[in-house]
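Following: one structure in structure tokens, then a few remarks.
Within every chain, numbering begins at 1; the chains are lettered A, B, ... in the order of the sequence lines, protein sequences first and strands thereafter.
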Amino acid sequence: MATQPTTIQLVMARFRLPLFSLLTAMLFVLAVTLSGPAHERSSVYINDRVVITAPVQVLLMAGDRFLAANMETIRLAATGLEINPQTGMTDGRYLLRAHRTISELNPCHEDNYYLANALLAWGGAENEANEVLQRAIACRSWDFLPPFLYGFNQYFFDRNLAEAQDAFETAALRSQENAIQLRRLAIMIEAEGMDDEVMALNYLRRQRDDAVDAGLRDMLAKRVLRLEGLIALRRAQAEYEERFSRPLSSPHELLSSGIIEDFPPDPLGLGYEFDNGDFHMRQLKIPGLEPR
Amino acid sequence: MLIFADIQLGLRLALRARFLVVGFWLIVALGAIVLMAAQFSGRQPATIALDIGLSAIRLALPVVLVMLMQELFSREFERRYYLSSLSYPRPRHALLLGRFIAAYGLTIFLLLCMAILLAVLVSVIGQGYAQATPVSLGLPYAITIAFISLDLLVLAVVANLLAIFATTPGFVLIGTLGFMLIARSFSAIITLLQRDGDVVANPERYQESLSLIGYLFPDLGALDVRMIALYNTLNFLPGNWPTAVVTALLYSATLLGVSLWLLNRRRFS
């Protein structure tokens, strides 16, 4: 006659699988606990990061190039900006490839061109940033910011005035509220690039008279006045040095000698400065923005 | 009309297969994905939310479609329910068309629910940060959703065809998703390969064989017109959109005819 199974045998028979899982889980925890403290992160030399090329990414994301662009941008924004512990710098070469790939997948992506300009252009790779910006200019036909950033890069890093002015004009056409300032900027970078201030003054006067827009004309009139003031100061200095046969040591000598009655006012409020024996227009000094 | 009875039956079968539960959890997942994705963008959270929401919809709904086709057709043949459903004197095309309309209709209903939720979420996110280029949730969004539904029609027809002549129900999933992958990606891949010359060793030969695909598969990538909604510019609607729409419709009609013909001549033992 078969004996009745005991309670324990019944329980073990019924809950075989969960009990087995629980037992192996406990063994696992025990093994992990007993294996000692985790050893230090082994120093694997991270050579470079992988950026999958654009056609393959489209395939991987089931044909959705927008998803590929978004995922790559999120990856870049979330992990590309941290300092690599091996090199002590951010992974610049990875950023170059990543930005270019996203630009191929979705050239209209706003985060991409914004970050590319900020990271690449100011990180030493302005050509790659300009590539991304040019694709954005072509794609985003309503947005004034890509041509503005591109024009600024051309002026600031490459001193390419013609290209910069073209870009600022494109930006001015796309933006109602910023059009005047952009056109003024385009004119001023040309005026400041001229060595001879009389030539620059004639150029500015011509631009002021040709300006159709009243706001632009006002702005240029102010700058004409400022330049006229500088020319007046330099002429006064030349007259002083000719009359007294010694170099001018301080601007107040012009007043005390009676050559000019008062310093010319600067309608922009920035004023003039006198150093190294020459009058200059005082510029706003923004740290980090000195021309290279 | 007999087809209405089949539609009703198809709806009941789908509901019995817990379609509403699946749909509900998909909508919840969509909401979570959209809200989380918007956090990753500095300048355009609403645009990224809309973009990723549309991608999620375009990935999730074909799976739902395949599930419904498996439920309504593969199960029929697998469990031999045709012994009762087809034994009465009724036209077979009513069975196929009725159930197809039920499955596609339910998927479109789910698409509309997801689209409404996405629009609500994106407008809420858009009120948080004032973007320079706001998204458009009006006519461009409606056009985008309409094109997605056309894309789903092509996939529904392919899933239907596979469900009718495939012997294993698993093949419906693989076949439809594989078709979706190729049809959606080949035009983008060809365009990208033309710009990026050093991906494969001999790009000209590779592109030749790829363009033959254009005769076999409809260009579902051309039906992805979300840029008009993302950037509020109807200019992004491709110039040949009537061609793309008509191609997709003709392709669907052809494959539907093929599956009707296959069902009609099938001998059930």
Decide yes or no for [X] and [Y]: does some side-chain heavy atom of the first lie under 4.5 Å from some side-chain heavy atom of the second?
X         : Y         : value
Leu192(B) : Glu104(A) : yes
Asp64(A)  : Arg226(B) : yes
Met227(B) : Cys139(A) : yes
Cys108(A) : Phe236(B) : yes

Exercise. Just checking, is any N or O donor in the side chain of Trp142(A) or Thr233(B) under 3.5 Å from an acceptor N or O on the other one?
Worked result: no

Closest contact, heavy atoms only, [X] versus [Y]:
X         : Y         : answer
Leu181(B) : Leu59(A)  : CD1-O, 3.2 Å
Gly63(A)  : Ser185(B) : CA-CB, 3.4 Å
Val58(A)  : Ala188(B) : CG1-CB, 3.9 Å

For this session: With a 4.5 angstrom heavy-atom cut-off, could you sort out which part of Leu115(A) is near chain B: side chain, backbone, both or neither?
Result: neither

Exercise. Can you check whether Arg43(B)'s main-chain N or O pairs, donor with acceptor, with Asp111(A)'s side chain at less than 3.5 Å?
Worked result: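 Yes; judged by distance alone, with no hydrogens or angles, the pair exists.
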
Exercise. If you draw a 6.0 Å radius around OH in Tyr114(A), do more than 12 non-hydrogen atoms from other residues or ligands fall strictly inside?
Worked result: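 No - once you tally the heavy atoms of other residues, nucleotides and ligands closer than 6.0 Å, there are 12 at most.
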
Reported [atom1]-to-[atom2] distance for the pair [X] and [Y], which is rounded to 0.5 angstrom:
X         : Y         : atom1 : atom2 : result
Leu230(B) : Glu110(A) : CG    : CD    : 11.5 Å
Ile48(B)  : Phe66(A)  : CD1   : CZ    : 11.5 Å
Ile189(B) : Arg65(A)  : CD1   : CZ    : 12.5 Å
Met71(A)  : Phe40(B)  : CE    : CZ    : 8.5 Å

Exercise. Is any residue of residues 52-69 of chain B within less than 4.5 Å of chain A by heavy atoms, and which ones?
Worked result: Ile52(B), Ser55(B), Arg58(B), Leu59(B)

Exercise. Which residues in residues 26-34 of chain B have any heavy atom lying under 4.5 Å from a heavy atom of chain A?
Worked result: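 The list, in residue order, is empty: none.
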
Problem set entry | Heavy-atom pairs under 4.5 Å with chain A, option from Ala132(B), Ala183(B), Ser41(B), Ser187(B) with the top count | Ser41(B)

